[in-house]
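We count ligands from 1, going down the list as the structure has it; atoms in each ligand are counted the same way. Counting from 1, the numbers follow the sequence of the chain as shown.
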Amino acid sequence: MNQFLSRRSFILIPIMSILKFILKPKKVLASSPSSDEDWNLSKEEWKNKLSPESYYILREEGTERSFSSELNNEKRKGIFYCAGCNQALFNSDTKFDSGTGWPSFWDPIKGSVETKVDFKLIVPRTEYHCSRCEGHQGHVFNDGPLPTGKRYCNNGLALKFIPQ
Ligand SMILES: [Zn+2]
């Protein structure tokens with residue numbers, strides 16, 4: 001009897017852990033912070049909240065002119081926040097000079113951004129946005145510095161910098 005029980009749990013435990021693994025992504029999606037109700041604003045509400053320039057970037061996936069943002073040259077220690085909802089997105093420790101004219105980072109703060117593929121320039125690019133308010137930030141490329149090799153090319157208008 002005991003032997004039967006232990007054999008049964010021997011089979012059941014791996015099945016349960018596989019099920020957990022399969023079910024987990026759905027659960028995470030359901031409680032995804034991007035569907036945060038507080039930030040599920042209408043177009044009009046966003047227009048009232050943001051400058052026209054920031055609205056164009058954050059809500060219409062626009063791109064600012066390169067070298068137009070003061071944050072491109074920002075070298076102080078501090079945190080870069082989403083200009084839409086003030087979620088912390090990047091630490092100054094991960095900022096680097098990419099020479100592109102856009103503030104560039106090699107790693108976002110964990111869980112602060114989500115990505116999707118866009119085809120605006122025909123060639124697929126990976127767009128990323130704030131995980132809380134879904135505000136568009138920029139695009140991520142695979143030609144960044146170590147340790148990640150990623151280059152998060154961010155619009156300055158989509159960020160707020162607070163020095164530490
Ligand atoms: Zn945000």
field: Under-4.0 Å salt bridge between R125 and E127
entry: no

So does [Y] get a backbone contact from the side chain of [X], meaning a donor-acceptor N/O pair under 3.5 Å?
| X | Y | answer |
| --- | --- | --- |
| Q87 | C133 | no |
| W102 | E64 | yes |
| N155 | L157 | no |
| K75 | S92 | no |

field: Audit row: D118, H139, side-chain hydrogen bond (donor to acceptor under 3.5 Å, both in side chains) steps and yes/no
entry: CA-CA 9 Å; D118 87 30; H139 290 87; 2.8 Å; yes

- prompt: What are the protein N, O or S atoms, given as residue plus atom name, that sit under 2.8 Å from the Zn ion (ligand 1)?
  reply: C82 SG, C85 SG, C130 SG, C133 SG

